[in-house]
Amino acid sequence: MVKPFQRTAMSTLSCILLTLVLTACTTVVTPPAEQDAAQRLVWPPLPAEPRIAFVSSFSSPDELGIRKSLFQRLGEFLGGASEVHLVRPMAIVVDPAGVIYVADPGVEGIHQFDKKAGRYRLIRGKKGRPLPSPVALAVGPAGEVYVSDSRLSAVFVIEPGATEALLVPLKALIAQPTGIALDPGSGRLYLVDTGSHQVKVFARDGAFLKSFGQRGTGDGEFNFPTMIWRDDKGRLLIADSMNFRIQVFDESGRFLRKFGKVGDGTGQHAQPKGIAADSEGHIYVVDSLFHTLQLFDPQGRFLLNVGRQGKARGEFWLPTGIFIGEQNTIYVADSYNGRVQIFRYVGAAP
């Protein structure tokens, strides 16, 4: 026989579950979409021919159409709601399956947004150990994601389907790892060691292969380099941050060319950090102190500025990382606005 108190508790629980189910059924989350023609934000502005278009931005799973499960909602109803959002995003990648990873020192971990599965995870080290300063990410052809942590002086890997980031045993001393890039063919890891003003090259298992660069201002020398990008032709683009320039190397580390200098004029730099290239060969440089995204042609000639300091769409506050994915979709870690902004290259080839 069910006692009155038990009936009341069961009835209350049933009401809670019914409310959550009905709410889940009636709440519609509209995925981010491109702005309609009347509100389209483009660079350069109309009536000039657009080259870059704003698509959307996100800071939380909800904004990507990822809803909490029924049991998560029940737990929050009983124990209090918790909000998941980006705090200080530094880097972003998108794997071949469309899963988005965002490195965020503000939460000491990596946000994983799986839109297809409708799932969000916060990934940290083994047994949930924090990653205090994840600053760069690189994605491999099988969907593995490499993470550099500058405070731990270490590199981790997140395998597809994994819920933890595992340490990669690097066979060399690292002072301050920042940018990281992967050669999908050979499996080589290119790691920018900001503290030693070098790029160090490792095999996939962590075996040390070589390094190139030293502190200086000459060709092939660095002064606190930060981020790196490997383009479709195997060239390495490196933000030589305190030399206020971009240097380009071949895959063996041989210097090819450079562009940029310190200043506040067109195409000059204050603090270049994130760097990437699209399928047309354009080079994108995130300048944190200018709060902007600069676009250059393949030879390093300045083409366009995107954004300015602010909080509105298409504006930035100390942005850092950049990733360019399929269909020349551009993701920028807008760090101190606590969001990722998404753009697309829509112009003609150079």
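Ion pairing between a basic and an acidic side chain is recognised when a charged N comes within 4.0 Å of a carboxylate O; Arg313 and Glu315 show no such pairing. Between Glu108 and Arg151 there is no salt bridge, since no side-chain nitrogen of the basic residue lies less than 4.0 Å from a carboxylate oxygen of the acidic one.
Relative ring orientation between Phe249 and Phe255 is described as perpendicular, the plane-to-plane angle rising above 60° on a 0-90° scale split at 30° and 60°.
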For residues 267-277, run the donor-acceptor check on the side chains, cut-off 3.5 Å, and write out each pair with its distance to 0.1 Å, sequence neighbours left out.
unit_1 : atom_1 : unit_2 : atom_2 : d
Gln268 : OE1    : Asp264 : N      : 3.2
Gln268 : OE1    : Gly265 : N      : 2.8
His269 : ND1    : Gln294 : OE1    : 3.1

Side-chain atoms of residues 84-98: list all donor-acceptor pairs with protein atoms under 3.5 Å, sequence neighbours left out, distances to 0.1 Å.
unit_1 : atom_1 : unit_2 : atom_2 : d
Asp95  : OD1    : Ala97  : N      : 2.8
Asp95  : OD1    : Gly98  : N      : 3.0
Asp95  : OD1    : Val99  : N      : 2.9

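Within the model, atoms OG1 of Thr194 and CE of Met242 stand 11.5 Å from one another, a figure rounded to the nearest 0.5 Å.
Partners of Ser196 under the side chain to side chain contact (heavy atoms under 4.5 Å, CB included) rule, at least two apart in sequence or in another chain, are Asp193, Gln198, Lys200.
With no hydrogens or angles considered, no side-chain donor-acceptor pair links Asn328 and Arg344 at under 3.5 Å. A donor-acceptor pair shorter than 3.5 Å cannot be found between the side chains of Thr178 and Ser150. Counted by atom type alone, Asp114 and Tyr120 present zero donor-acceptor pairs between their side chains at under 3.5 Å.
Taking the six-membered ring for Trp and the full ring otherwise, Phe296 and His282 have centroids separated by 6.0 Å or more.
A side-chain contact (heavy atoms from CB on, under 4.5 Å) with Tyr146 is found for one member of Val157, Leu191, Ile158 and no other, namely Val157.
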